[in-house]
Amino acid sequence: MPAGRRLLVLDGAVGDWLPPGWQVVPQTDGGLDARLAAAFAAAAVLAPDAPALLVGMDTPQLDAALLAESLSPARRAGVDAWYGPAGDGGFWALGLARPTERVARRLLLGVPMSTPGTGRALLDRLLAEDLTVSRLPVVTDVDTIRDARHVAAEAPDGRFAACLRSIGTAREVTG
């Protein structure tokens, strides 16, 4: 996916798994709401006035095609935020056309995380701020083995599906 910058907010050490072209900042302490707000604040410092899209690590089926149309320059005009709902009531993506620490904190701090109402609470905040929100497709995020199997079936040729198959095969051989 074309991007002006690629930022990874990471809790831990960078390994040789990280592709070239990524900038890494350490994840802050605190609850998920505070860590997400801090990620947007870091993005705003690194590239003031540039849009930022935060995507969770639990959507391995995500590919550029899913985002390309919604984030194309023609579709970005007039959009203040992008919201990607997850099938379980959470969200898998949040984008801000003009992220700032203040806006990110106002939108995210206090949103109950990891509940069936998390996504709705976030969307309500976006709308309460009178932001023009572009909704991304509903995606399954991986929270359980059932989710993992569903996601692997959606993208059977991907690395995630291959890894899941290898784990299953290893279990069958050793179990």
Side-chain angles (χ1 to χ4, degrees), residues 1-11 17-19 21-22 27 31-40 42-43 50-97 99 103-104 107-109 111-129 131-168:
M1 182 81 196
R5 71 183 184 294
R6 297 178 194 286
L7 177 64
L8 176 64
V9 180
L10 182 66
D11 180 17
W17 47 265
L18 185 66
W22 285 81
Q27 189 174 97
L32 183 55
D33 58 339
R35 290 179 283 150
L36 294 174
F40 276 111
L53 179 73
L54 188 145
V55 177
M57 296 291 292
D58 57 356
T59 53
Q61 76 279 33
L62 183 62
D63 63 13
L66 185 71
L67 296 172
E69 184 179 346
S70 296
L71 299 178
S72 70
R75 298 271 313 268
R76 283 196 314 243
V79 174
D80 299 311
W82 294 267
Y83 168 72
D88 64 1
F91 66 97
W92 62 272
L94 174 62
L96 298 174
V103 168
L107 290 172
L108 289 159
L109 291 184
V111 170
M113 295 290 159
S114 301
T115 74
T118 297
R120 183 76 238 176
L122 176 59
L123 183 58
D124 288 348
R125 289 222 184 156
L126 292 166
L127 298 174
E129 289 288 324
L131 300 176
T132 301
V133 179
S134 175
R135 296 184 195 207
L136 301 170
V138 176
V139 170
T140 300
D141 59 348
V142 178
D143 295 323
T144 67
I145 189 63
R146 183 177 177 198
D147 297 336
R149 289 181 182 128
H150 176 80
V151 166
E154 284 182 344
D157 298 326
R159 290 186 301 178
F160 181 77
C163 182
L164 190 62
R165 282 191 300 273
S166 75
I167 292 169

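Just so you know, these numbers use all the heavy atoms, side chains as well, and skip hydrogens, waters and symmetry mates. Remember, it's a predicted structure, so these values are computed and weren't measured experimentally. The first residue of the sequence shown is numbered 1, and numbering continues consecutively from there.
For the atom pair CG of L54 and CG of L96, the computed distance is 9.0 Å after rounding to the nearest 0.5 Å. From Y83, atom OH reaches atom CG of L107 across 12.5 Å, with rounding to the nearest 0.5 Å. Taking CG of L94 as the reference point, atom CG of L126 lies at 6.0 Å (rounded to 0.5 Å). Here the straight-line distance linking atom CD1 of I167 with atom CZ of R165 works out to 11.5 Å at 0.5 Å rounding. Of the inter-residue distances, the one linking D11 atom CG with R35 atom CZ reads 7.5 Å to the nearest 0.5 angstrom. The CZ atom of R125 sits 12.5 Å away from the CG atom of L131 when rounded to the nearest 0.5 Å.
Nearest heavy-atom pair, V142 versus P60, reported as atom, atom and distance to 0.1 Å: CG2-CD, 3.9 Å. Minimum interatomic distance between D147 and D143 (heavy atoms only, all atoms of both residues): OD2-N, 3.0 Å. Of all the heavy atoms in L53 and A93, the pair that sits closest is CD1-CB, 4.2 Å. Nearest heavy atom pair, residue P156 against residue A153, reads CD-O, 3.4 Å. A39 approaches L7 most closely through the heavy-atom pair O-CD2, 4.4 Å.
Using a 4.5 Å heavy-atom threshold, the side chains of V139 and L66 count as touching.
Looking at S70, its side chain never comes within 3.5 Å of a backbone N or O of L67 through a donor-acceptor pair. Formation of a donor-acceptor pair under 3.5 Å by the D124 side chain with backbone atoms of A121 is not found in this model. Between the side chain of W92 and the backbone N or O of G87, no donor-acceptor pair lies under 3.5 Å. Distance alone, capped at 3.5 Å, places no donor-acceptor pair between the R5 side chain and the A52 backbone. Looking at R75, its side chain never comes within 3.5 Å of a backbone N or O of A68 through a donor-acceptor pair. Side chain of S134 to backbone of W82: no donor-acceptor contact under 3.5 angstrom is found.
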**Report entry** Residues L164, I145; criterion side chain to side chain contact (heavy atoms under 4.5 Å, CB included); working and verdict
**Finding:** CA-CA 10 Å; L164 190 62; I145 189 63; 4.0 Å; yes
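Paired with V151 under the rule side chain to side chain contact (heavy atoms under 4.5 Å, CB included), one option of D141, T140, L62 passes, and it is T140. A side chain to side chain contact (heavy atoms under 4.5 Å, CB included) with F91 is found for exactly one of L122, L136, V138, namely L122.
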